[in-house]
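Because the structure is predicted, anything quoted here is derived from the model rather than measured. What you see below is based on every heavy atom in this structure, not just the backbone, and it leaves out hydrogens, waters and symmetry mates. We count ligands from 1, going down the list as the structure has it; atoms in each ligand are counted the same way.
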Amino acid sequence: MRCFHHPDTLLHRPPQFLVRGQPRPVPEKPERVQAVLDALGRRGDRVEIAPDAGAAPRAAVHSPEYLAFLETAHARWAALPDASPAVIPNVHRGPDMLSYPSGVVGQAGFHMSDTACPIAEGTWAATRAASDCAVAAARAVATGGAPSAYALCRPPGHHAGRDMAGGFCYLNHAALAAQEALGLLAARGLPPRAAVFDVDVHHGNGTQAIFRERDDVFFVSVHADPMEFYPFMAGHAHERGTGRGEGFTLNLPLPLGTSEEAFLAAVRDGLAAIGRFAPSLLVLSLGFDTFKDDPLAAFGVTTPGFGRLGRIIAGASLPTVLIQEGGYAVDHLAANLSSFLDGFEAVHRLPSAP
Ligand SMILES: [Zn+2]
């Protein structure tokens with residue numbers, strides 16, 4: 001498996017976030033990257049440092065104001081009197097609040113949907129490097145250079161919208177990968193159609209929002225029922241896309257406590273829908289927080305179960321870009337990723353070109 005990593009993804013070290021109003025350590029920590037690198041090293045995977053992809057792929061997904069905010073917010077916040085070590089908003093944007101403020105406190109409220117996306121000193125460098133990993137993996141696959149590639153993205157990305165951070169996410173790496181792939185597919189004369197399949201335990205609300213009105217990207221998500229689970233206000237079964245995108249979003253929420261068997265059955269259903277869409281390429285938002293012992297656990301997936309997940313995904317026989325999302329049981333992350341990749345590579349074959 002070709003894998004893309006960047007050491008700057010270790011620079012994001014937010015001190016805390018709020019859980020039921022209490023400051024708590026952030027489970028999305030740099031040790032996750034080392035656990036993944038250990039797993040890739042043991043498997044003998046080829047790990048490449050992602051080159052700087054430039055600003056264009058990020059600008060194709062995110063707004064100019066939001067990108068400028070992410071890049072400058074920490075330094076501007078740190079210059080405020082008595083500021084906390086990381087940007088954490090104390091105001092949030094409501095649905096009728098449409099004007100854009102000039103100060104960093106107001107902009108933090110405008111661009112941060114919750115208090116689980118603190119911006120610390122290294123946050124921008126880390127998420128920018130993670131976006132380079134995603135673009136590198138997308139280019140490797142969409143140009144026909146590799147049947148699949150894995151991007152070690154940290155922080156994760158699927159809760160980030162066009163101009164909004166949330167849930168440990170800042171830039172939406174899966175969306176960047178899909179958007180980058182579309183142009184490269186078209187250049188090869190292939191139909192510019194991509195599917196994003198999100199199997200993290202949380203709904204990929206940012207990805208859904210970015211592609212909500214699009215019919216060239218089919219977004220499918222299997223996740224814990226948001227009635228009682230983050231992100232609460234998105235990911236419900238009735239959300240199916242809007243405008244041209246109506247019918248190109250599919251949400252398959254499952255109850256808290258869902259077993260491995262039921263989760264994998266829903267994954268098969270999602271993949272069948274993707275097969276009917278007939279994309280040229282698949283982007284997988286790969287979270288391991290469906291693991292039975294994850295700190296944010298809602299499902300009962302075991303380590304061997306991730307191997308079964310890999311086999312099922314690979315059975316779609318699509319060029320596949322793997323984007324790392326969540327997964328916070330750091331001591332099990334290496335084993336869970338290895339299990340997935342072993343299962344995936346045992347099955348993954350692309351149909352030969354006509
Ligand atoms: Zn998650």
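The Zn ion (ligand 1) has an N, O or S atom of Asp289 inside 2.8 Å of it. Among the atoms of His202, an N, O or S atom falls under 2.8 Å from the Zn ion (ligand 1).
Looking at Asp114 and Tyr230, their side chains do bring a donor and an acceptor atom within 3.5 Å of each other.
Within the structure, every pair that satisfies the salt bridge (charged side-chain N to carboxylate O under 4.0 Å, His left out) test and touches residues 164-183, not counting sequence neighbours, is listed here: Arg139-Glu180.
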side-chain hydrogen bond (donor to acceptor under 3.5 Å, both in side chains) assessment of Thr72 paired with Trp124: CA-CA 8 Å; Thr72 63; Trp124 167 247; over 6 Å; no

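Within the hydrophobic cluster formed by Ile, Leu, Val, Met, Phe, Trp and Tyr side chains joined at under 4.5 Å, directly or through other members, Phe17 is accompanied by Val19, Val26, Phe168, Leu296, Tyr328.
For Asp200, the N, O or S atom closest to the Zn ion (ligand 1) goes by the atom name OD1.
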